[in-house]
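What follows is a set of notes on a single structure, which appears directly below.
Since the model is a prediction, treat every value here as computed from it, not as a measurement. Throughout, residue positions are numbered sequentially from 1 according to the sequence presented.
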Amino acid sequence: MRLDFNLPEDVEEVKQKARKFAIEEFNDKTASRHDLEELYPYELRKKAFEAGLVRIDNPWGVLLTMEEFCRVDPGLGLSILASVFGSELLLLYGTDEQRQKYMEPVLNGSKISAVAVTEPGAGSDVAGISSKLEKSDDGFLLDGQKMFITNGTITDFFYVLARTSPPPSKEKRHHGMSVAIVDRYWPGVSVNKLKGKLGMRATDTAEIKFEGVKVPNENIIGEIGKGFYYIMTFFNISRVYVAAQSVGIAQGALDELLNYVKNSGSNEESLQFILAESASKLEAARLLTYKAASLVFQFNPDPALTSMAKYFSAEVANSVTESALEYMGQKGLLSRLERLYRDSKITEIWEGTSEIEKLVIARTLIKRAMQGDQIA
Ligand SMILES: Cc1cc2nc3c(=O)[nH]c(=O)nc-3n(C[C@H](O)[C@H](O)[C@H](O)COP(=O)(O)OP(=O)(O)OC[C@H]3O[C@@H](n4cnc5c(N)ncnc54)[C@H](O)[C@@H]3O)c2cc1C
């Protein structure tokens with residue numbers, strides 16, 4: 001048997017196209033302006049759609065585009081690709097009407113979506129959310145507050161996780177939640193842009209308030225009470241894209257360091273150690289990410305493997321950018337490396353912090369061992 005590590009020709013083509021697009025469009029001046037002024041890149045997003053680079057029906061294409069975009073500038077890359085955030089929820093659980101009304105305009109680039117799960121008092125502990133969807137005569141009334149929501153002020157609608165019934169017991173806290181589609185401009189929805197983030201500053205982040213928002217029955221996704229499972233399934237997909245962000249960031253830092261080596265002629269042993277360690281970690285992160293993604297894209301995800309890819313790649317992105325920055329000193333601090341360094345941190349936080357990923361991995365291993373299943 002021969003394991004084939006080459007990308008299929010059509011996917012390799014998308015990767016090269018994405019690389020070319022990022023190099024041409026994300027030049028340092030543009031990236032720096034969007035970062036410093038915290039500007040959302042509407043024009044670049046439009047161009048990327050026109051170039052056919054945001055197509056969730058080609059998940060490998062999106063994954064590699066994520067990697068290549070983040071290799072050049074994570075803030076711009078993520079802003080563009082996350083404009084379809086949450087679409088998998090409708091692909092998997094939506095009705096034809098919901099897909100037509102909400103998902104299709106997002107996938108053709110005319111609308112933007114957002115996923116609102118996190119609250120001021122509930123981040124990692126998703127089951128601890130307190131937003132409520134209460135039954136009314138002709139639908140539901142939504143009340144609650146959401147925090148750190150990507151695309152929060154620029155979105156056309158939110159996929160909101162809220163409680164439709166209280167948890168039946170302490171052990172079943174994840175029961176009784178549902179996902180609703182909520183238009184950004186409905187009465188009772190207010191948004192407030194959060195400024196001054198450490199990294200990914202071109203992305204739009206906001207806190208959202210829902211006060212007595214009327215939500216029609218037809219805007220509930222799937223079955224009432226199954227929202228937690230839908231969101232966890234979605235995270236199992238979105239985590240491989242975060243792993244790809246991380247691989248891209250680590251590759252970008254290594255590119256920057258090698259460029260410096262080429263221009264400075266440095267060749268001492270300490271540098272060789274940094275290069276060897278960074279390249280080895282990067283290669284391992286990439287292989288892990290592609291393996292996890294391959295299972296996700298075959299509708300056969302392994303949550304432990306996905307968490308390994310997300311946790312490990314995020315750690316690699318942070319350590320590779322840090323080593324490169326430390327080696328380059330002043331030159332690094334004044335190059336695009338300082339942006340990559342700041343942008344890398346969030347990969348250890350969103351879509352599940354590294355601690356949460358480690359808990360998923362460990363619990364799965366223990367469960368498999370208890371059941372006498374194959375451990376890995
Ligand atoms: C820029 C940005 C964009 C975001 N975009 C979105 C978005 O679009 N939609 C959305 O819903 N959310 C979004 N988030 C929120 C993000 O998913 C949360 O920040 C993340 O889940 C962590 O939650 P928290 O910040 O409340 O931290 P907490 O959950 O309070 O965690 C704080 C620390 O405690 C640790 N910890 C928590 N629980 C455990 C445990 N059981 N065992 C061990 N350690 C633990 C964590 O690992 C972390 O180190 C975004 C956040 C940021 C910063």
Side-chain angles (χ1 to χ4, degrees), residues 6-28 30-31 34 39-92 94 96 98-115 150-151 154-157 159 200 202-204 234 237-249 251-252 255 286 289-290 292-294 296-299 343 351:
N6 295 319
L7 295 170
E9 216 172 290
D10 57 325
V11 176
E12 183 60 45
E13 254 173 47
V14 178
K15 182 178 153 84
Q16 294 310 329
K17 194 171 162 187
R19 172 116 187 98
K20 189 166 176 282
F21 183 94
I23 290 171
E24 283 171 10
E25 302 290 346
F26 305 172
N27 62 54
D28 203 48
T30 305
H34 284 81
L39 293 178
Y40 185 81
Y42 287 101
E43 277 305 310
L44 290 174
R45 172 176 165 272
K46 192 162 166 264
K47 279 190 185 173
F49 267 92
E50 283 164 3
L53 287 166
V54 194
R55 290 193 34 200
I56 69 165
D57 59 333
N58 178 7
W60 275 110
V62 176
L63 189 96
L64 293 161
T65 300
M66 180 70 88
E67 188 182 322
E68 291 303 333
F69 276 13
C70 289
R71 178 176 177 181
V72 180
D73 190 74
L76 293 175
L78 210 269
S79 298
I80 294 167
L81 292 168
S83 66
V84 299
F85 200 38
S87 297
E88 289 87 352
L89 285 166
L90 283 187
L91 261 186
L92 291 173
D96 285 347
Q98 288 171 339
R99 289 193 196 113
Q100 204 180 355
K101 183 169 176 190
Y102 289 101
M103 192 186 77
E104 282 175 18
V106 168
L107 299 193
N108 70 26
S110 54
K111 287 194 171 175
I112 292 178
S113 54
V115 177
T150 300
N151 301 336
I154 58 165
T155 191
D156 290 280
F157 63 91
Y159 297 105
M200 297 282 189
T203 65
D204 180 78
F234 168 66
I237 301 170
S238 61
R239 280 174 185 166
V240 294
Y241 291 114
V242 180
Q245 282 162 31
S246 308
V247 170
I249 292 172
Q251 181 68 66
D255 292 345
R286 182 175 280 125
T289 299
Y290 289 5
S294 154
V296 169
F297 298 159
Q298 289 170 58
F299 302 101
D343 289 344
E351 312 299 291

Test log, rule side chain to side chain contact (heavy atoms under 4.5 Å, CB included), inputs L107 and R55: CA-CA 7 Å; L107 299 193; R55 290 193 34 200; over 6 Å; no
Pairwise distance [atom1]([X]) to [atom2]([Y]) - rounded to 0.5 angstrom:
X	Y	atom1	atom2	value
L63	Q245	CG	CD	10.0 Å
N58	L64	CG	CG	9.0 Å
I154	S113	CD1	OG	9.5 Å
L53	M66	CG	CE	12.5 Å

Contacts of [X] that satisfy side-chain hydrogen bond (donor to acceptor under 3.5 Å, both in side chains) - sequence neighbours left out:
X	value
D28	R339
Q298	S294
Q100	none
E24	K20

Least distance between heavy atoms, [X] atom then [Y] atom:
X	Y	answer
Y40	S79	OH-O, 2.9 Å
N151	A114	CB-CB, 4.1 Å
I249	P74	CG1-CG, 3.6 Å

Under the side chain to side chain contact (heavy atoms under 4.5 Å, CB included) test, residues paired with [X] that sit two or more places apart:
X	answer
E25	F21, L44, K47
A22	F26, F69, V72
D255	R19, R71, Q251, R336

For residues 80-91, which side-chain N or O atoms pair as donor and acceptor with protein atoms under 3.5 Å away, sequence neighbours left out?
| unit_1 | atom_1 | unit_2 | atom_2 | d |
| --- | --- | --- | --- | --- |
| S83 | OG | R45 | NE | 3.1 |
| S83 | OG | I80 | O | 2.8 |
| S87 | OG | V84 | O | 2.7 |

Applying salt bridge (charged side-chain N to carboxylate O under 4.0 Å, His left out), name anything that partners [X], two or more places apart in sequence or on another chain.
X	answer
E50	K46
D156	none
K15	E67, E68

Determine the sole option in D343, V242, T203 for which the side chain to side chain contact (heavy atoms under 4.5 Å, CB included) test with L78 is passed. T203
Could you walk me through whether T30 and D73 pass the side chain to side chain contact (heavy atoms under 4.5 Å, CB included) check? CA-CA 10 Å; T30 305; D73 190 74; over 6 Å; no
Determine, step by step, whether V106 and F157 satisfy the side chain to side chain contact (heavy atoms under 4.5 Å, CB included) criterion, reporting the C-alpha distance in whole Å, the side-chain angles of both residues, the deciding distance to 0.1 Å, and the verdict. CA-CA 10 Å; V106 168; F157 63 91; 3.6 Å; yes
Validation row: Y241, P59 side chains within 4.5 angstrom (heavy atoms): yes
Listing, residues 6-14 side-chain donor-acceptor contacts under 3.5 Å, not counting sequence neighbours, or none:
| unit_1 | atom_1 | unit_2 | atom_2 | d |
| --- | --- | --- | --- | --- |
| N6 | ND2 | D4 | OD1 | 3.3 |
| E12 | OE2 | Q16 | NE2 | 2.6 |

